[in-house]
Amino acid sequence: MPSFEILLAFLITTALFAYLPGPAMIYVSAQTIARGQWAGLMAALGVHLGGYAHVMLAAFGLAALLLAVPTLYLVVKIAGALYLIYLGLMMIFRRGKADQADEPRTKSAKRAFVESISVEVLNPKTALFFISFLPQFVSLDASLPLWAQMLILGTIVNVMFSSADLACVLFAGWMLKRLTAASARSAWLPRIGGTFLIGLGAKLALDRS
């Protein structure tokens with residue numbers, strides 16, 4: 001593996017990237033606001049597991065396809081953005097028995113978990129981040145092959161980013177308990193969470209990078 005100095009720089013840089021406000025933080029916070037803290041935790045877990053798809057893509061070189069084929073990058077990017085907008089609209093317009101606030105706790109959390117895996121897998125920027133960031137910290141002279149080094153470093157990155165997502169979920173849940181009454185939650189919190197997701201999807205779709 002790389003030297004101690006390089007690994008230290010890797011950990012510091014990863015922490016800085018992880019705890020800067022970003023789309024994943026907004027997403028898991030929106031899920032928490034709309035569906036409650038347990039669903040937010042499941043959303044963070046879904047994002048974490050989805051992140052491993054990008055770690056493996058980067059480690060084995062497949063993420064380079066997104067750089068080599070701009071059309072593929074655009075298709076994946078738009079698909080992910082539209083999926084976020086769809087989820088936001090479902091949160092806002094779901095009525096009656098299908099309303100998130102009336103959903104059983106376990107069903108709502110399961111829905112958030114499955115949706116979050118898809119959201120993360122369909123995020124091409126995550127794939128490009130891993131393929132551009134991880135090679136900076138691997139060593140050609142190490143005993144481990146490059147793909148193994150990238151898997152290890154990618155796992156560390158994914159765990160660090162997920163710790164930041166978890167902090168956002170816990171903070172959003174803490175705020176919910178203090179700012180809302182349970183009877184009022186079904187009236188407007190799912191709509192706030194849905195609005196955040198629509199805005200996030202629109203931003204990702206219109207982002208030129």
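- The nearest pair of heavy atoms linking Ala58 to Met150 is O-CE, 3.5 Å.
- Surrounding CE of Met56 are at most 12 heavy atoms belonging to other residues, nucleotides or ligands under 6.0 Å away.
- A distance of 12.5 Å separates CG in Leu41 from CZ in Phe113, rounded to the nearest 0.5 Å.
- Neither Val75 nor Ile78 shares a network with the other; the hydrophobic side chains, linked directly or stepwise wherever heavy atoms of I, L, V, M, F, W or Y lie under 4.5 Å apart, form separate groups for each.
- When every heavy atom of Ala109 is checked against every heavy atom of Trp38, the shortest pair comes out as CB-CD1, 3.2 Å.
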Check the pair Phe10, Gln136 against side chain to side chain contact (heavy atoms under 4.5 Å, CB included), reporting the backbone distance first and the verdict last.
CA-CA 9 Å; Phe10 165 75; Gln136 311 303 318; over 6 Å; no
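- Using a 4.5 Å cut-off on side-chain heavy atoms (C-beta onward), Val47 and Val119 make no contact.
- Pairing each heavy atom of Ala53 with each of Val121, the nearest pair is CB-CG2, 4.2 Å.
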Test log, rule side chain to side chain contact (heavy atoms under 4.5 Å, CB included), inputs Leu197 and Tyr86
CA-CA 9 Å; Leu197 293 187; Tyr86 165 77; over 6 Å; no
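- Residue pairs meeting the side-chain hydrogen bond (donor to acceptor under 3.5 Å, both in side chains) criterion with at least one member in residues 161-173, sequence neighbours excluded, are Tyr19-Ser163, His48-Ser162.
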Does His54 form a side chain to side chain contact (heavy atoms under 4.5 Å, CB included) with Leu128? I'd like the steps, not just the answer.
CA-CA 9 Å; His54 295 296; Leu128 294 183; over 6 Å; no
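- Here the straight-line distance linking atom CD1 of Ile156 with atom CG of Leu11 works out to 6.0 Å at 0.5 Å rounding.
- Under the 4.5 Å side-chain heavy-atom criterion for Ile, Leu, Val, Met, Phe, Trp and Tyr, Met25 and Leu49 are members of distinct hydrophobic clusters.
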Under the side chain to side chain contact (heavy atoms under 4.5 Å, CB included) rule, what do Glu115 and Gln31 come out as? Steps first, then yes or no, please.
CA-CA 10 Å; Glu115 290 173 354; Gln31 289 281 1; 3.6 Å; yes
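- At a threshold of 4.5 Å between side-chain heavy atoms, the hydrophobic network of Ile, Leu, Val, Met, Phe, Trp and Tyr places Val55 and Leu144 in one connected group.
- Applying the side-chain hydrogen bond (donor to acceptor under 3.5 Å, both in side chains) test to pairs two or more places apart or on separate chains, none has a residue in residues 195-205.
- Residues meeting the side-chain contact (heavy atoms from CB on, under 4.5 Å) test with Leu16, sequence neighbours left out: Ile12.
- If you take CG on Leu84 and CZ on Phe196, they are separated by 14.0 Å, rounding to the nearest 0.5 Å.
- To the nearest 0.5 Å, atom CG of residue Asn158 and atom CG of residue Leu151 are 11.5 Å apart.
- Around the OH atom of Tyr83, the shell of radius 6.0 Å holds more than 12 heavy atoms that belong to other residues, nucleotides or ligands.
- Contact between Glu120 and Gly51 at its shortest, heavy atoms only, is CG-N, 3.5 Å.
- To the nearest 0.5 angstrom, Leu146 atom CG is 11.5 Å from Phe60 atom CZ.
- Using a 4.5 Å cut-off on side-chain heavy atoms (C-beta onward), Thr32 and Phe171 make no contact.
- Between Arg111 atom CZ and Met90 atom CE the span is 7.0 Å, to the nearest 0.5 Å.
- Nearest heavy-atom pair, Phe130 versus Gly154, reported as atom, atom and distance to 0.1 Å: CE2-O, 3.8 Å.
- The nearest pair of heavy atoms linking Trp147 to Ala59 is CB-O, 3.6 Å.
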